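A short worksheet on the structure shown next.
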Amino acid sequence: MRSTSHRRTAAVGALSAVAALLAVAVQAGPASADDPWTTAPKGAKAQKLGKVDPGALAAKLTPAQRAELLRDANATKADTAKDLGLGAKEKLVVRDVTQDRDGTTHTRYERTYDGLPVLGGDLVVDTAKSGKTEGVTKAAKAQLKGIDMSADVKASAAEKQALGAAKAEGSKKTDANRAPRKVVWLAKGEPVLAYETVVGGLQHDGTPNELHVITDAATGKKLFQWQGVENGTGNTQYSGQVTVGSAQSGSNYTLTDTGRGSHKTYNLNRATSGTGTLFSGPDDIWGNGQASNLETAGADAAYGAQLTWDYYKNVHGRSGIRGDGVGASSRVHYGNNYVNAFWQDSCFCMTYGDGSGNSKPLTSIDVAAHEMTHGVTSATGNMTYSGESGGLNEATSDIFAAAVEFNANNAQDKGDYLVGEKIDINGNGTPLRYMDKPSKDGSSKDAWYSGIGNVDVHYSSGVANHFYYLLSEGSGKKEINGVQYDSPTSDGLPVTGIGRDKASLIWFKALTTKFTTTTNYAAARTGTLAAAGELYGTTSAEYTAVANAWAAVNVGSRPGGEQPGTSFENTTDVAIPDNGAAVTSSVNVTGRTGNAPSNLKVSVDIVHTWRGDLKVDLVAPDGSVYVLKAASGSDSADNVNETYTVNASSEVANGTWKLRVQDVAAQDTGYINSWKVTFP
């Protein structure tokens, strides 16, 4: 039977909501010299990119053009390996390719050594239109040589270790997805022969488990682990009456978007495995705007997927998640009372729970864009979902969730820099995450510090989220689409934003051409500066703004070494007794006149396994005490890395200032890593 493409309508619960969304503004008009983009998807806002170098923009490759570039790369990969000076046992495996409008090609490779996959061996080669190699970005600097290829440890021992690691994290129905495979581990220093074991089952909250555990094949030591299922949390947001792609076959319709790679939306009907049932029916209407109708969540998920597809294709020239024109799939109604959503490479799909009481499916625009972007990241930079690279992975999904939401221009879900603002997961109407000041959620980090890689990736992502907000909008107070923002900077200096479209373009170019599996925050700064330089020039305001925004989240310095004031710092470690007496760390302030300011900055870096145990005070030279942080049983995050503002105007500036820290509960330990007072 003939299959045809349709634009389907998702019903809503109220006529007023339907009427409100039927009048969708379409921005049109001629392109200017400052704006190379001549079209925008219906209802979306035209991009404002300024005086960008058009040659540095991504070419809008068709799947066939991309396939031809991949064939060329595969045909020449042996010569490329030779040109790069790789060893005789090393071989390149082509993974992805993108091209700029000026003909520069960025080819992403994995490596093998003696036939084994090299984890952390990925690299990106930039080739000019002339064929000349212009640059190489490697995930690891170490060379592949001197590797002992004999395994003293048995694969069964590695599997046992991996299963134990998963169970320690609360995994249920734990099993090994496949037998451990031998790999060369290069991601964290010198190369070693290792086993990679992938553990299946379910995580503690019911999310599917794909825990990767790396075991040294010579010593049996666990070298690293990361989670392969990339998840986030969002909300059900009924977007009014919208059109969604579907297909008709005979008298039946299915939720298959043939215009976007045949993306399909399935109903898991509370199951936690399998594909589910493809949404189908005899009419052209999906859902009724109520969670009780199972089609409603399907319509929301399909709508979010199509908005994300359109954003990447129309704004960045990427046809689908992998750039190959193939659509992913969405599964809704996962589990029972499951309050999460996730992306899986293994099924090339997004999956959504129904939330608390199965009444709030997590299928909003920003959640769909967040999860789908995990797929884009996996196909490009592929930052490992652990440590600083994991924070960057998670932040990339938040960044493009915001970009897609703004670009969608939906009247009932206006763009914002909030994550999960409609789900009310906290029970008090607050969002899940804030990009202008991430620490407002109580766990996320506003700025980088030395221990940030030990923080859960959903909270260490705050550094990049904050960078993106500052680069887009700048620091200080402002109102955007009715939402109030007030973004601080870690160095006390202001940041002037360059606009969200420019910021998104710079991040996308860095993601697709500069980032690798091991990219950390320092490397992200390098990559985004390189991207900004290619797009706008290294003397441009945009390039300077990238450097300033990173400095504002404590990654690198401002151009020219601009300083916000005079700081006095103590970097000597001071152990904090577990459930013991208070300890102090001192700084001696000299050369000041008069009293301290009303905005004295006190920057605290404490490494501790449960920050809720800690009471932190500033003690002035005369003994006056200023409470910086009270102990709290609900403050369950690790470490204290904050800059506090203290009104110390009644204190004489010169003298010995002390940071006083006391651990008031048992079991968790830590130390004062460093602290400083800054006089603006």
Side-chain angles (χ1 to χ4, degrees), residues 95-96 108 110 117 119-122 139-140 162 165-166 168-171 177 183 185-188 194 196-214 222-234 321-322 328 340-351 367 369-401 419 433 443-445 452-465 507 510-512 515-521 523-524 527 638:
R95 193 164 70 82
D96 189 29
R108 190 175 294 274
E110 304 284 358
L119 303 187
D122 51 305
E169 293 193 344
S171 175
N177 276 0
V183 299
W185 177 246
L186 185 63
K188 295 293 180 180
E196 179 194 26
T197 308
V198 182
V199 181
L202 300 174
Q203 297 179 47
H204 65 91
D205 63 351
T207 305
N209 196 33
E210 290 180 13
L211 184 68
H212 295 245
V213 180
I214 306 299
K222 187 177 77 171
L223 299 175
F224 200 68
Q225 70 180 54
W226 73 92
Q227 181 56 245
V229 178
E230 298 162 351
N231 58 11
T233 309
I321 286 174
R322 294 184 299 230
N340 216 329
F342 55 90
W343 164 267
Q344 280 181 285
D345 284 337
S346 57
C347 65
F348 200 57
C349 70
M350 294 81 73
T351 304
V367 173
H370 177 107
E371 302 308 337
M372 199 162 167
T373 295
H374 274 309
V376 174
T377 297
S378 179
T380 55
N382 197 28
M383 296 84 79
T384 301
Y385 206 57
S386 177
E388 291 191 26
S389 59
L392 285 162
N393 188 317
E394 188 64 20
T396 297
S397 283
D398 282 349
I399 286 168
F400 287 116
V419 181
R433 290 192 287 275
S443 299
S444 293
K445 307 304 177 185
I452 195 104
N454 298 322
V455 177
D456 183 281
V457 297
H458 295 89
Y459 304 138
S460 63
S461 63
V463 180
N465 282 347
W507 193 268
L511 171 69
T512 53
F515 291 178
T516 68
T517 55
T518 62
T519 297
N520 58 15
Y521 275 112
D638 295 339

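Here the structure is a predicted model, which means the values were calculated and not measured.
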What's the verdict on side chain to side chain contact (heavy atoms under 4.5 Å, CB included) for Thr384 and Phe224, showing C-alpha distance, side-chain angles and the deciding distance? CA-CA 11 Å; Thr384 301; Phe224 200 68; 3.9 Å; yes

So which atom in Ile321 and which in Ala328 form the shortest heavy-atom distance, rounded to 0.1 Å? CD1-CB, 3.8 Å

Do you know the tightest heavy-atom contact between Thr519 and Ala523? CG2-CB, 3.8 Å

Nearest 0.5 Å, please: how far is CH2 in Trp507 from OG1 in Thr512? 12.0 Å

Please name the pair of heavy atoms, one in Thr518 and one in Ser389, separated by the smallest distance, quoted to 0.1 Å. C-CB, 4.4 Å

Please enumerate all residues that pass side chain to side chain contact (heavy atoms under 4.5 Å, CB included) together with Ala369, with sequence neighbours excluded. Thr308, Ala401, Val404

Sorted by chain and number, sequence neighbours left out, salt bridge (charged side-chain N to carboxylate O under 4.0 Å, His left out) with Asp96 holds for Arg66, Arg318

Of all heavy-atom pairs between His374 and Tyr385, which one has the smallest distance, and what is that distance? CE1-CE1, 3.9 Å

Inter-residue atom distance Asp398.CG - Arg433.CZ, 0.5 Å rounding: 4.0 Å

Heavy-atom check, side chain of Ile399 versus side chain of Asn465, under 4.5 Å: yes

Name all residues meeting the side-chain hydrogen bond (donor to acceptor under 3.5 Å, both in side chains) criterion together with Ser386; count only those two or more places apart in sequence or in a different chain, and write none if there are none. none

Any chance you could measure His370, atom NE2, to Met350, atom CE, to the nearest 0.5 Å? 12.0 Å

What residues, two or more places apart in sequence or in another chain, satisfy side-chain hydrogen bond (donor to acceptor under 3.5 Å, both in side chains) together with Ser460? none

Might you point out which heavy atoms bring Val455 and Tyr459 nearest each other, and give the distance in Å? CG1-CB, 3.6 Å

Can you tell me how far OG1 of Thr351 sits from CG of Asn340, rounded to the nearest 0.5 angstrom? 10.5 Å

Counterpart residues, side-chain hydrogen bond (donor to acceptor under 3.5 Å, both in side chains), relative to Ser461 (two or more places apart): none

Applying side chain to side chain contact (heavy atoms under 4.5 Å, CB included) to Arg95 and not counting sequence neighbours gives Arg108, Glu110, Asn382

Enter the distance from Ser378:OG to Met383:CE here, rounded to the nearest 0.5 Å. 10.5 Å

Applying side chain to side chain donor-acceptor pair (under 3.5 Å) between Glu210 and each of Gln344, Gln227, Gln203, report the one that passes. Gln344

Taking side chain to side chain contact (heavy atoms under 4.5 Å, CB included) as the definition, give me every residue that meets it alongside Thr373, ordered by chain and number, with sequence neighbours left out. Tyr312, Thr377, Thr396, Ser397, Phe400

Tell me if a side-chain donor or acceptor on Asp122 pairs with a main-chain N or O of Thr517 at a distance below 3.5 Å. yes

Listed partners of Asn454 passing side chain to side chain contact (heavy atoms under 4.5 Å, CB included), at least two apart: none

If you round to the nearest 0.5 Å, how far is CD of Glu371 from CZ of Phe342? 9.0 Å

Which heavy atom of Leu186 sits nearest a heavy atom of Gly120, and at what distance? CD2-O, 3.9 Å

